[in-house]
Amino acid sequence: MGRNPMRAAVTLCAAAALAVPLGTASAAPSAPAAARTQQTQDPVLTDCAGQPQVRPEAYILACGDGNSRLVSMHWYRWDANAAVGRGTNAVNDCDPYCAAGAFHSYPVTVRLDRPRAGEQDTGQRHYTRITLTYTDGRPDGAPRTVTYPLAG
């Protein structure tokens with residue numbers, strides 16, 4: 001079997017460590033009613049578990065393994081057309097393999113856009129595209145700006 005059991009254990013530990021900070025954000029006090037009303041009218045960002053997020057401080061980009069995520073996000077626009085913020089893209093270099101790799105941080109500007117209605121008939125719209133612009137350094141081989149589709 002080689003290193004597979006160890007790799008699985010390290011990957012599970014990393015996933016658990018990522019889940020803890022995200023779980024504490026949901027335990028935060030509720031926003032005032034007026035803010036909740038505004039938030040439900042604007043599109044959401046759907047996380048890896050399919051849960052709607054509004055102005056998340058952290059967001060996992062690589063749902064399969066957690067090896068790329070946004071952290072320390074500060075949003076300065078979040079409306080019916082787009083959301084824009086700044087933060088850090090923490091990326092695992094997977095060297096020599098992902099479980100033994102190291103995370104490196106790259107400052108980014110993040111843009112969410114192309115909102116559309118979800119597949120369920122909830123009336124909630126979600127952003128369907130994310131664009132990262134690296135502002136100081138970037139992962140090896142990555143262009144300065146990358147765009148990904150978002151599931152919802």
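All values reported here derive from a predicted model rather than from experimental measurement. Just so you know, these numbers use all the heavy atoms, side chains as well, and skip hydrogens, waters and symmetry mates. Residue numbers count from 1 along this sequence.
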_Option passing side chain to side chain contact (heavy atoms under 4.5 Å, CB included) with Val108 (candidates Val146, Thr88, Leu70, Asp136)_ = Leu70
Can you confirm whether [X] sits close enough to [Y] that some side-chain heavy atom of one is under 4.5 Å from a side-chain heavy atom of the other?
X	Y	value
Asn89	Ser105	no
Arg125	Arg116	no
Met73	Val110	yes

*Cut-off 3.5 Å, side chains only: do Ser68 and Asn92 have a donor facing an acceptor?*
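Note: Ser68 and Asn92 side chains miss the donor-acceptor criterion.
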How would you list, by chain and number, every residue that makes a side-chain contact (heavy atoms from CB on, under 4.5 Å) with [X], sequence neighbours excluded?
X	value
Pro56	Leu45, Gln53, Trp75, Trp78
Thr147	Arg129, Thr131
Pro139	Val91, Tyr106, Tyr134, Ala142
Val84	Tyr76, Arg77, Thr109, Arg111

*For Ala80 against Pro115, the heavy-atom pair lying closest together*: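 The pair with the smallest heavy-atom distance is O-CG, 3.2 Å.
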*Hey, quick one: are Val71 and Ile130 part of the same hydrophobic cluster, counting side-chain heavy atoms closer than 4.5 Å, chains of contacts allowed?*
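No, because Val71 and Ile130 fall into different hydrophobic clusters, even though each may have its own neighbours under 4.5 Å.
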*asked:* Are Leu150 and Val54 linked, directly or through intermediate hydrophobic residues, by side-chain heavy-atom contacts shorter than 4.5 Å (ILVMFWY only)?
replied: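 Linked, Val54 and Leu150 end up in one cluster.
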*asked:* By the salt bridge (Lys or Arg N to Asp or Glu O under 4.0 Å) test, which pairs, at least two apart or in different chains, include something from residues 89-100?
replied: none
*Among pairs that include at least one residue of residues 81-90, which meet salt bridge (Lys or Arg N to Asp or Glu O under 4.0 Å), considering only residues two or more places apart or in two chains?*
none
*asked:* Measuring from atom CG of Asp79 to atom CG of Leu112, what distance do you get when rounded to the nearest 0.5 angstrom?
replied: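 Reported to 0.5 Å precision, the distance equals 11.0 Å.
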*In Å and rounded to the nearest 0.5 Å, what is the CG to CZ distance from Asp42 to Arg55?*
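These two atoms lie 8.0 Å from each other.
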*Trace of the side-chain contact (heavy atoms from CB on, under 4.5 Å) decision for Tyr127 with Thr46*: CA-CA 8 Å; Tyr127 295 112; Thr46 305; over 6 Å; no
*Determine yes or no for a side-chain-to-main-chain donor-acceptor pair under 3.5 angstrom, with Gln124 supplying the side chain and Pro52 the backbone.*
no
